Each structure stands twice: as structure tokens, then as C-alpha cells.
Amino acid sequence: MSFIDEIDPINALIVGASQGIGLGFVKKLLHDRRITKIYATYRQPDSALELINLANEHPERLTCLKLDITDESQIAEAIQQISTQVNKVHLVVNCVGILHEGTLQPEKSLRQINPENLLRYFQINSIGAVLLAKHLLPLFKHGERSVFANISAKIGSIGDNQLGGWYGYRASKAALNMLIRTAAIEYSRSSPKTLVVTLHPGTTDTRLSRPFQKNVAAEKLFSVERTVTQLLNVIEQLQEGDSGQFFSWDGSRLPW
């Protein structure tokens, strides 16, 4: 039985919910009557109109919070806002990630490495997640089963790297995996009912992957709805010994 079936009420938080997989999670959870309260974060209101409209349609269940994951004070403030309404969370999915943005593009060779871009990758893809782990801990310290899942990428697997390239994205996702694995060990002592994992969603038809889809076979390019359904299945099937692990969308474990 899924931990979601065991607990009532269930409080969820989706970080990075303005578009793509994050917005897909919000839509899926709104249709799931087992979920009582959903908190969802966005960085810029102008790119989060669909999310904000959903909150206006579901004011009792969905609350939007402005949050830039590169600013720790905003993380602390958003979680503080949540804790004025509820004293525990059961499902947190961190969907924030960056692959390309303006002049920030995946590097094809060492010639293209630049330290500002590397720092940006790490700030968004790695450091934000461990700051979430730091500030969420009080809301996870309860006696009910819970899950803190972070969207990673198979490309962050060191053991699986056969092609090279994409230095900043690969390294920042590998760092995310290590930070979350380390946080999982601490959570096992301080919040033993919380399973902390990283998840590979597969190639999903979002703005993040759009410039790189031409070499992806049609059956390997997932819709957002399919990706969210698959990831929720993985989350719901997690067992006690799974904390600190790196899972693919089909539930298989990925190499570090």
C-alpha cells in the first residue's frame, strides 16, 4: 500500500511548479482526492500564469509561493509561510533545474567552459536542493511516512557517462545526487520516516529538452503527463531501504 493511502490529511509541496514537470505534478495532485493541501513555488509571476490561475480555481487546496531557489532567505521564508498553516509535509518534489538559458548552453568541449556558467548550474541544480533539505527538516520530523524527491538526470551518473560533453549540467546533477544521498543519511537519523531520493524522469517534452529532442526516438520522448504518472508510481512504491537511492522513471536503480 502506498504511504499516500495510509495518511490523512496529506500535505504536498512542489518546488519549481510554474511549468514543465512541476506544473504537471500540481495538475496530477489536484485530481488526486487523497491530497489535502498542495503548496507550489514559482520564480517569476509572468511565467507562472497557468499555475496562479489554478490556485485561483482551487483556493482551498492550492497555495502558490514565490521562491527563487538560489536565495536561501527566500527558501526559509517560503517554508516558514507553509509552517504557519500546517505542521507537517508528506510529499515534497523538487523540480527546479536548468540546462539552458540565454547564453547558458550545454558545453560541447573544454573550450566552452566558463566559471560563471558552471556556478549557475551548481546554484540551481545542486545547492538549492540541499538548502531545501536543510529548511524542510522540521516539517518532515513527524511519525508518518513521507518522501522528499528531487528530479535529477541519468546524465548526472558518473558510471553511465560514455559520451562526455555537457560538463556543467552533468557535474551539477552528479553533485545533486551526492548532496541528496548525504542528506538522506542525516534524515535517516533525524527524520527516519522520510525517504529521500533522486529521480530520473526520462526525456520529457518540456522547454528544458526542446532544443535537444531531434535525436530522441519518439517512444523515448515522454509527455509531461506520462512522466508525472511514472514518477508518482515510483514515489508511491518506495520502501524503507530505498532512501538515498537514485531511481529511473521505470523504478530501476541507476548507477552513481
Side-chain angles (χ1 to χ4, degrees), residues 1-16 21-22 24-26 28-29 32-39 79 82-83 86-97 126 128-154 156-160 173-202 226-256:
M1 189 163 81
S2 161
F3 75 102
I4 293 176
D5 294 312
E6 296 169 14
I7 303 155
D8 184 32
I10 287 262
N11 302 317
L13 166 63
I14 308 299
V15 183
I21 293 172
F25 264 106
V26 170
K28 180 88 173 163
L29 295 181
D32 189 336
R33 300 315 299 182
R34 298 173 300 172
I35 312 294
T36 311
K37 200 92 179 80
I38 305 159
Y39 296 92
I79 291 168
I82 294 169
S83 52
V86 297
N87 62 1
K88 58 181 84 164
V89 291
H90 303 91
L91 173 63
V92 177
V93 187
N94 171 27
C95 303
V96 175
S126 329
V130 81
L131 291 174
L132 283 170
K134 172 183 172 180
H135 289 279
L136 281 166
L137 184 54
L139 285 173
F140 274 126
K141 276 189 171 177
H142 52 77
E144 295 158 354
R145 283 185 65 195
S146 53
V147 172
F148 177 30
N150 291 267
I151 303 297
S152 184
K154 189 178 177 184
S157 163
I158 295 172
D160 188 65
K173 289 295 191 179
L176 167 68
N177 291 348
M178 177 58 94
L179 289 166
I180 293 305
R181 166 83 173 198
T182 306
I185 292 166
E186 183 169 342
Y187 265 63
S188 71
R189 295 191 287 263
S190 51
S191 182
K193 289 281 197 175
T194 308
L195 305 180
V196 183
V197 295
T198 48
L199 302 175
H200 166 58
R226 180 175 169 185
T227 289
V228 168
T229 299
Q230 290 172 163
L231 292 178
L232 265 174
N233 284 341
V234 175
I235 287 168
E236 290 201 51
Q237 286 165 26
L238 290 171
Q239 303 299 317
E240 263 179 52
D242 292 336
S243 196
Q245 300 299 322
F246 181 20
F247 292 96
S248 188
W249 56 268
D250 60 0
S252 61
R253 291 192 185 194
L254 289 168
W256 298 114

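Please read all numbers here as calculations on a predicted model, not as lab measurements.
- Side-chain contact between E6 and E144 is absent, with no heavy-atom pair separated by less than 4.5 Å.
- Counting heavy atoms from C-beta on, the side chains of R34 and D5 come closer than 4.5 Å.
- Rounding to the nearest 0.5 Å places NZ of K88 at 11.5 Å from OG1 of T194.
- Ring geometry, F140 versus Y187: the interplanar angle exceeds 60°, so the pair is classed perpendicular (tilted spans 30 to 60°).
- The nearest pair of heavy atoms linking G241 to Q245 is O-CG, 4.4 Å.
- Using a 4.5 Å cut-off on side-chain heavy atoms (C-beta onward), E240 and R145 make no contact.
- Here the side chain of S157 pairs a donor or acceptor atom with the backbone of P255 at under 3.5 angstrom.
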* Can you check side-chain contact (heavy atoms from CB on, under 4.5 Å) on H90 and I4, steps first, answer last? -> CA-CA 8 Å; H90 303 91; I4 293 176; over 6 Å; no
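- Nearest heavy-atom pair across P9 and T36 is CB-OG1, 3.1 Å.
- Between D242 and F247, some side-chain heavy-atom pair lies under the 4.5 Å cut-off.
- Closest heavy-atom contact between F246 and A153: CZ-O, 3.4 Å.
- No donor-acceptor pair under 3.5 Å is formed between the side chain of H200 and the backbone N or O of R253.
- The CZ atom of F25 lies 12.0 Å from the CG atom of D32; values are rounded to the nearest 0.5 Å.
- Note that CG of D160 is 4.5 Å distant from NZ of K154, once rounded to the nearest 0.5 Å.
- For the pair V92 and L132, the minimum side-chain heavy-atom distance is 4.5 Å or more.
- Between Q239 and L195, the closest side-chain pair of non-hydrogen atoms is not below 4.5 Å.
- With contacts defined as side-chain heavy-atom distances shorter than 4.5 Å, the pair V93/I235 qualifies.
- Expressed to the nearest 0.5 Å, how far CG of N87 lies from CD1 of I82 amounts to 12.5 Å.
- S252 places no side-chain N or O within donor-acceptor distance of the main-chain N or O of S248, the cut-off being under 3.5 Å.
- Closest heavy-atom contact between P201 and S152: CD-O, 3.5 Å.
- For the atom pair L179 CG and K134 NZ, the distance stands at 13.0 Å (nearest 0.5 Å).
- Residues I151 and L231 form a side-chain contact, since some pair of their non-hydrogen atoms from C-beta on lies under 4.5 Å apart.
- Other residues, nucleotides and ligands contribute at most 12 non-hydrogen atoms within 6.0 Å of the CD1 atom of I158.
- Taking both residues in full, the closest heavy atoms of I180 and V196 are given as CG2-CG1, 3.5 Å, listed atom of the first, atom of the second, then distance.
- Across every non-hydrogen atom of S2 and E236, the tightest pair is OG-OE1, 2.6 Å.
- In this structure, the separation between OG on S191 and CG on L139 is 10.0 Å, given to the nearest 0.5 Å.
- A donor-acceptor pair is defined here as one N or O able to donate and one able to accept, closer than 3.5 Å; no such pair exists between the side chain of N150 and the backbone of N94.
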